[in-house]
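A quick note: this is a predicted structure, and the numbers were derived from the prediction, not measured. Index from 1, following the sequence.
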Amino acid sequence: MDGIALTGTYGQLENIYGRRDLGLQVGKKINHWHVDVSAFKGQGNRSDDEYPSFNGDGVDLADGYAMMDPTQINVGISYKNASLRTIYDYYQTSSVNYLIDHRFFITNFKYNYKVSKKLVLMPQLTYTNHLPWHFKEAFDEDDDYTYKVEGKRYKANVTGSYDITRKLNLIFGGEYFNDQATDKLDNENFGEGITKVSYQNYSLFA
């Protein structure tokens with residue numbers, strides 16, 4: 001887009017808001033440059049009802065036991081055939097017993113290189129970092145998280161397109177990525193004495 005857009009949403013349950021969201025988008029073109037930024041912040045509640053437990057003690061879900069709060073920031077910049085994009089996504093939700101966070105970050109760079117009229121190459125580099133199901137068993141701010149496993153991926157790939165004839169085209173390329181997962185709390189989720197695992201993947205295609 002080339003301009004500014006602002007959005008807002010509100011929904012009401014009987015005793016508390018169901019959702020309240022704000023979104024902002026900004027985009028600008030200057031010659032061969034293009035920059036865009038979008039941001040979203042939301043707060044929500046899945047229910048405001050009473051939650052009964054097996055022992056007869058219930059909790060009011062409107063007190064934060066059914067929340068779902070998403071946040072996202074998306075930034076992109078491009079110049080001619082090169083582009084860079086970064087996305088940050090954070091999602092927090094809760095249940096009667098847990099406070100759960102999901103954090104996701106990715107950045108990608110790609111370039112369309114026209115070697116000739118028939119051959120185009122597109123190299124890409126991508127970095128991903130995510131912290132899914134990062135939770136603790138209480139809502140007390142002094143309590144530490146009981147599960148915290150971080151994942152990372154480093155990826156590089158090249159895709160090519162070659163026009164053999166006017167009616168026949170060849171797509172080819174290769175890709176490599178390295179996955180890493182680390183138990184930040186040393187809980188040995190991967191096995192006894194193991195707090196980190198790593199995998200490497202290679203591929204060629206045509």
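- Nearest approach of Leu170 to Ala206, heavy atoms of both residues: CD1-CB, 4.5 Å.
- Both tests do not hold together for Arg103 against Tyr90: distance to the six-membered ring centre under 6.0 Å, angle to the ring axis within 45°.
- Side chain to side chain, Asn178 and Ser198 meet the donor-acceptor criterion of an N or O pair below 3.5 Å.
- Tracing side-chain contacts under 4.5 Å through hydrophobic residues (I, L, V, M, F, W, Y), one reaches Tyr147 starting from Ile194; they form part of the same cluster.
- In this model, a donor atom of one side chain and an acceptor atom of the other lie less than 3.5 Å apart for Thr71 and Lys41.
- You'll find the side chain of Asn45 stays beyond 4.5 Å of the side chain of Met68, heavy atoms only.
- Between atom CG of residue Asn15 and atom CG of residue Asp63 there is a gap of 10.5 Å, rounded to the nearest 0.5 Å.
- Asp163 and Lys117 get closest at one heavy-atom pair: OD2-O, 4.3 Å.
- From Met67, atom CE reaches atom CG of Leu61 across 13.0 Å, with rounding to the nearest 0.5 Å.
- Side chain of Asn112 to backbone of Asn81: no donor-acceptor contact under 3.5 angstrom is found.
- Note on Val35: it clusters hydrophobically with Leu84, by side-chain heavy-atom contacts below 4.5 Å among ILVMFWY residues.
- Between Lys28 and Asp36, no side-chain nitrogen of the basic residue sits less than 4.0 Å from a carboxylate oxygen of the acidic one, so the salt-bridge criterion is not met.
- Between Asn189 and Val149 there is a side-chain heavy-atom pair separated by less than 4.5 Å.
- Hydrophobic clustering keeps Met122 apart from Val115 (ILVMFWY residues linked when any side-chain heavy atoms are closer than 4.5 Å, directly or through intermediates).
- A donor-acceptor contact shorter than 3.5 Å is absent between the side chain of Thr182 and the backbone of Lys184.
- Applying the 6.0 Å contact sphere to OH of Tyr199 captures no more than 12 heavy atoms from other residues, nucleotides or ligands.
- Taking CG of Asn169 as the start and CD1 of Ile164 as the end, the distance is 7.5 Å to the nearest 0.5 Å.
- Taking both residues in full, the closest heavy atoms of Ala156 and Leu125 are given as CB-CD2, 3.6 Å, listed atom of the first, atom of the second, then distance.
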Subject >> From CA spacing to verdict: side-chain contact (heavy atoms from CB on, under 4.5 Å), Asp179, Lys152 >> reply: CA-CA 6 Å; Asp179 284 338; Lys152 296 180 181 180; over 6 Å; no
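- In the hydrophobic clustering of this structure, Tyr51 groups with Tyr65; members are Ile, Leu, Val, Met, Phe, Trp, Tyr whose side-chain heavy atoms approach within less than 4.5 Å, directly or through other members.
- Looking at heavy atoms from C-beta onward, Gln25 lies out of side-chain contact with Thr7 at the 4.5 angstrom threshold.
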Subject >> Step-by-step side-chain contact (heavy atoms from CB on, under 4.5 Å) determination, Phe205 to Thr159 >> reply: CA-CA 9 Å; Phe205 59 90; Thr159 302; 3.9 Å; yes
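- Following chains of ILVMFWY side-chain contacts shorter than 4.5 Å, one can reach Leu121 starting from Tyr111, so the two form part of one hydrophobic cluster.
- No option in Phe104, Phe177, Tyr154, Phe109 other than Tyr154 meets the ring-ring contact (aromatic ring centres under 6.0 Å, His included) test with Tyr127.
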Original post:
After noting the C-alpha distance and the side-chain angles of Lys196 and Asp183, does the key distance pass the side-chain contact (heavy atoms from CB on, under 4.5 Å) rule?
Top reply: CA-CA 6 Å; Lys196 185 174 182 178; Asp183 189 334; over 6 Å; no
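- Side-chain atoms of Tyr202 and Gln200, non-hydrogen and from C-beta on, do get closer than 4.5 Å to each other.
- In this structure the side chain of Leu6 never reaches within 4.5 angstrom of the side chain of Ile4, judged on heavy atoms.
- Between Thr107 and the options Thr126, Thr128, Thr86, a side-chain hydrogen bond (donor to acceptor under 3.5 Å, both in side chains) holds for only Thr86.
- Aromatic ring orientation, His102 versus Trp133: perpendicular (interplanar angle above 60°, classes split at 30° and 60°).
- Taking the side chain as every heavy atom from C-beta outward, Tyr17 and Gln43 approach each other to under 4.5 Å.
- For Glu150 and Asn129, the side-chain atoms include at least one donor-acceptor pair closer than 3.5 Å.
- No hydrogens or angles considered: nothing links the side chains of Ser83 and Ser78 as a donor-acceptor pair under 3.5 Å.
- Looking at Tyr113 and Val120, their side chains never come closer than 4.5 Å, going by heavy atoms from C-beta outward.
- Under a cut-off of 6.0 angstrom, the local environment of CD in Glu14 is sparse, with at most 12 non-hydrogen atoms contributed by other residues, nucleotides or ligands.
- The number of heavy atoms from other shown groups lying within 6.0 Å of CG (Asp2) is above 12.
- Aromatic ring pairs are classed by plane angle as parallel below 30°, tilted from 30° to 60° and perpendicular above 60°; the pair His134 and Tyr145 is tilted.
- Inter-residue side-chain proximity for Thr195 and Phe190 is flagged as unmet; no heavy-atom pair is nearer than 4.5 Å.
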**OP:** Please assess Gln72 against Asn74 for the test side chain to side chain donor-acceptor pair (under 3.5 Å), listing each intermediate value before the final yes or no.
**Re:** CA-CA 7 Å; Gln72 188 181 86; Asn74 188 330; 4.8 Å; no
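- Here the OG atom belonging to Ser94 is positioned 8.0 Å from the CD1 atom belonging to Ile100, to the nearest 0.5 angstrom.
- If you look at Tyr98 and Phe135, their ring centroids are closer than 6.0 Å.
- For the residue pair Gln92 / Asp101, a side-chain donor-acceptor distance below 3.5 Å is found, with atom types taken as modelled.
- Between Tyr79 and His32, the ring planes lie perpendicular to each other; the angle is over 60°, past the 30° to 60° tilted range.
- We find the NZ-CG distance between Lys110 and Asn157 to be 10.5 Å, quoted to the nearest 0.5 Å.
- With rounding to the nearest 0.5 angstrom, the CG atom of Asp48 is 12.5 Å from the CZ atom of Arg46.
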